[in-house]
Amino acid sequence: MTEQQGVTEEAARVRRGAIAEAREAGHSLDEIAKALGVTPGRVSQMRKGPAARAPEQPVSQGPKVIVQRALPTDPGTRGSVSLFLTEAERQGLRPGRKMLYTGLEAASEHVAAALHVADGDDVIARRKMMFANDIPVRIATSYFRADLFGATRLAEPEFVKPTLQAAIEALGYRFGHAEETLTARPATRFEADTLELDPGEWVVQVLRASYSTEGTPVHVLETICAATRHIFPIGQVGGLDEF
């Protein structure tokens with residue numbers, strides 16, 4: 001190590017220590033970044049390393065848990081009791097889920113478009129939190145048109161058994177096709193707090209809209225995934241020979 005390298009590393013160590021002290025004093029990354037004249041992302045880079053943590057804490061080796069979310073969804077998995085429970089168990093993880101909310105809420109623009117209703121119309125929302133090894137990894141919300149399902153058990157607060165698909169089929173609908181869209185974006189305040197994300201962490205939004213054989217939108221599932229806790233294997237549809 002040259003003398004210049006030693007000076008540089010010592011300066012970096014002092015800077016990491018100062019950032020750690022500021023964080024312990026309750027200052028946010030945004031406040032520290034403003035004081036240093038850099039971006040919050042740059043502060044996150046600066047604070048990496050042993051000096052940014054208490055001596056007794058181990059250096060993080062990456063995300064606490066990684067869950068796979070296959071695209072497109074395997075039909076067998078989609079038809080199971082729970083897509084998440086089935087996927088997580090196959091990956092050797094300990095899955096869990098908790099109902100957060102069931103009731104009417106105003107449809108966001110992308111949900112309204114998928115359900116073929118007006119932006120802001122009331123729709124039925126069934127929102128759940130998903131855990132892997134007790135770590136929050138996803139917020140999954142099922143949306144249904146209130147005019148079609150408002151008087152059914154899909155609007156009730158309990159988990160629908162045996163499956164949502166079975167309940168939809170019992171009402172006379174048959175699955176025709178689905179469209180899935182993946183979007184990476186910054187987390188909202190609610191998403192960051194609920195998923196216990198670090199400042200600046202992003203989420204991946206997977207929107208799956210399912211339609212009956214007649215083209216009626218019968219289920220829209222919006223899954224908000226903690227980006228650093230997921231991998232998304234994407235497979236080609238069988239029967240095609242195009243590269």
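Throughout, residue positions are numbered sequentially from 1 according to the sequence presented. All of these numbers come straight from a predicted model, not from anything done at the bench.
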* To do: Please test T141 against V111 for side-chain contact (heavy atoms from CB on, under 4.5 Å), starting from the C-alpha separation and ending with a verdict.
  => CA-CA 11 Å; T141 307; V111 169; over 6 Å; no
If only atom types and distance count, is the side chain of [X] paired as donor or acceptor with the main-chain N or O of [Y] below 3.5 Å?
X: R229; Y: R138; answer: no
X: R126; Y: E156; answer: yes
X: Y211; Y: A114; answer: yes

Do the side chains of [Y] and [X] get nearer than 4.5 Å, heavy atoms only?
X: M129; Y: L195; answer: yes
X: S142; Y: H219; answer: yes
X: V204; Y: H230; answer: no
X: I139; Y: T223; answer: no
X: E180; Y: V206; answer: yes
X: V203; Y: L197; answer: yes

* Give a yes or no on whether V218 and L164 share a hydrophobic cluster (residues Ile, Leu, Val, Met, Phe, Trp, Tyr; joining criterion: side-chain heavy atoms under 4.5 Å apart). => yes
* Asked: In the single-linkage hydrophobic clustering (I, L, V, M, F, W, Y; side-chain heavy atoms under 4.5 Å), do L171 and I124 co-cluster?
  -> yes
Using every non-hydrogen atom in the two residues, find where [X] and [Y] come nearest and quote the distance to one decimal.
X: T102; Y: A155; value: CG2-O, 3.6 Å
X: F159; Y: K98; value: CZ-C, 4.3 Å
X: S210; Y: R208; value: OG-NE, 3.7 Å
X: D121; Y: V117; value: OD2-CB, 3.8 Å
X: L148; Y: Y173; value: CD2-OH, 3.9 Å
X: A106; Y: D122; value: N-OD1, 4.0 Å

Could you state the interatomic distance from [atom1] ([X]) to [atom2] ([Y]), rounded to the nearest 0.5 Å?
X: C225; Y: I231; atom1: SG; atom2: CD1; value: 12.5 Å
X: R185; Y: W202; atom1: CZ; atom2: CH2; value: 10.0 Å
X: I224; Y: T188; atom1: CD1; atom2: OG1; value: 7.5 Å
X: F149; Y: L154; atom1: CZ; atom2: CG; value: 6.0 Å
X: D119; Y: H110; atom1: CG; atom2: NE2; value: 10.5 Å
X: E158; Y: M99; atom1: CD; atom2: CE; value: 8.5 Å

* Steps toward side-chain contact (heavy atoms from CB on, under 4.5 Å) verdict (F144, I168) -> CA-CA 10 Å; F144 302 91; I168 294 171; 3.9 Å; yes
* Asked: Would you say the side chains of R145 and H116 form a donor-acceptor pair under 3.5 Å?
  -> no
* Decide if atom CZ of R174 counts as having more than 12 heavy atoms of other residues, nucleotides or ligands within a radius under 6.0 Å. => yes
